[in-house]
Structures are given as C-alpha cells and as structure tokens.
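Remember, predicted model here, so these are calculated numbers, not experimental data. Each chain gets a letter, A, B and so on, in the order its sequence line appears, and its residues count up from 1.
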Amino acid sequence: MQHWLFKSEPETFSIDDLSKRPKQTEHWDGVRNYQARNMLRDAIKKGDQGFFYHSSCEIPGIVGIFEVVKEGYGDHSALDPESTYFDPESTSANPRWYMVDIKLVKKFPRIITLQEIKQHPKLSEMLITRKGNRLSITPVTTKEWQTILHLAENNKA
DNA sequence: GCCAACGTTGGC
DNA sequence: GCCAACGTTGGC
C-alpha cells in the first residue's frame with residue numbers, strides 16, 4: 001500500500017465537507033496538472049491511504065486521513081462546459097484528466113501544521129515543505145506516514 | 001525546439 | 001497583498 005498527500009483549499013473543499021458527503025465519500029476532481037494526473041491515473045490504487053492537507057488558509061497543515069475507494073477514471077468535470085474545470089480537448093472515450101474517489105477515514109484531533117512538519121527532523125524532507133512546490137498530489141514515504149500518525153495520536157507537538 | 005511572457009499556486 | 005516558484009503557452 002502506498003501513501004499520498006492531497007492538497008485542498010478548505011474554502012473550496014475541506015475535510016469537514018468530506019465528512020458531510022454521503023458515505024463520507026467524494027470524487028477528487030479538478031486536477032489539471034500532468035504530473036498529478038499521472039499519479040491519479042497510474043499509481044494511486046484502491047486501498048491506498050493519504051493525508052488530507054489544507055492549503056492557502058490561516059493554518060496550512062494535515063488535518064486527517066482518507067482512503068482511496070475507487071481508482072483513477074475520467075474526470076467528468078472536464079466534459080462539462082459549465083464547469084471551471086472544462087477542457088474541450090478531453091472526451092469520455094479518451095479522457096485527458098483523471099480522478100479517484102476518496103472516503104474519510106478520520107479527522108485528526110488537531111492540525112499537524114506545515115510549520116511543525118518543517119521543524120520536525122523526520123519530516124523536513126517532505127515534498128510539501130519545499131518552497132514553490134505546487135503539486136496538489138504528492139507521495140508520502142512510510143516513515144513520514146508513521147511519524148505523522150504518531151504526532152496526531154499523541155495530540156502534541 | 002527555444003525561451004520570454006504569462007498565469008497560477010500557496011506561504012507568509 | 002506580495003512575491004517566489006514553476007507549469008504552460010505561443011511566437012519565432
């Protein structure tokens with residue numbers, strides 16, 4: 001099983017929004033970056049888990065865990081002319097963009113903040129800490145995954 | 001196929 | 001709101 005980190009702006013879609021969805025499940029649409037697309041299409045598997053990260057907000061950081069419940073399939077928002085994610089080059093037969101379905105596993109009792117991640121010796125190499133890193137989906141190593149779980153469960157920095 | 005201009009992301 | 005980083009676009 002592999003681990004991932006998905007970024008979302010909480011004003012657009014937060015972990016609380018996910019928790020309110022039917023079955024606490026939602027499709028992760030709107031990714032329009034080829035590197036992230038390739039991960040959605042090829043690398044992210046059913047059963048993989050990931051961190052839900054809040055970006056562009058007051059306290060950016062990891063707020064919980066999700067599980068992938070459906071592997072990559074065509075992002076239908078690219079087919080909708082009304083959508084901000086519309087892409088006339090994408091078709092249902094030959095989709096340019098992909099999405100997965102995710103289900104909430106748990107919301108952490110506290111935010112594991114970006115500041116804390118940067119300061120932690122075992123986490124300072126995470127892709128999320130790199131200045132200018134704008135990839136909305138990044139892989140997380142097993143060691144990083146376990147370190148963050150430990151931080152969240154101990155409920156302290 | 002180079003590269004400047006432009007747009008977007010996202011922390012601060 | 002500023003600005004650095006970086007992906008994308010388009011002229012040549």
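With respect to A/Phe6, the ring pair (Phe, Tyr, Trp, His ring centres under 6.0 Å) criterion is satisfied by exactly one of A/Phe51, A/Tyr53, A/Phe52, A/Trp28: A/Trp28.
Note: CD (A/Glu11) to P (B/dT9) measures 14 Å, nearest angstrom. Between the CD1 atom of A/Ile137 and the P atom of C/dG7 there is a distance of 15 Å, given to the nearest Å. For A/Tyr34 and C/dT9, the OH to P distance is 7 Å, given to the nearest whole Å. Atom P of nucleotide C/dC6 and atom CG of A/Leu135 are separated by 10 Å, given to the nearest angstrom. Here the C1' atom of nucleotide C/dT8 and the CH2 atom of A/Trp97 are 10 Å apart, to the nearest Å. Taking atom CD of residue A/Glu116 and atom C1' of nucleotide B/dG11, one finds them 17 Å apart after rounding to whole Å. Between A/Gln119 atom CD and B/dC12 atom P there is a gap of 10 Å when expressed in whole angstrom units. Atom C1' of nucleotide B/dG11 and atom CD of A/Gln115 are separated by 12 Å, given to the nearest angstrom.
Side-chain atoms of A/Asn33 lie closest to C/dG7 of the nucleotides B/dG11, B/dG10, C/dG7. For A/Lys131, counting side-chain heavy atoms from C-beta on, the closest listed nucleotide (C/dA5, B/dG10, C/dG7) is C/dA5.
Within the 4.0 Å cut-off from OP1 or OP2 of B/dC12, at least one side-chain nitrogen or oxygen of A/Lys118 is found. Side-chain nitrogen and oxygen atoms of A/Lys7 include at least one within less than 4.0 Å of the OP1 or OP2 phosphate oxygen of B/dG10. Under 4.0 angstrom from either OP1 or OP2 of B/dG11 there lies at least one side-chain N or O belonging to A/Tyr53.
Judged by the 6.0 Å distance and 45° axis criteria, A/Lys106 is not positioned over the aromatic ring of A/Phe108.
Note that OG of A/Ser124 is 10.5 Å distant from CZ of A/Arg130, once rounded to the nearest 0.5 Å.
A heavy-atom distance below 4.5 Å is not found between the side chains of A/Tyr98 and A/Asp75.
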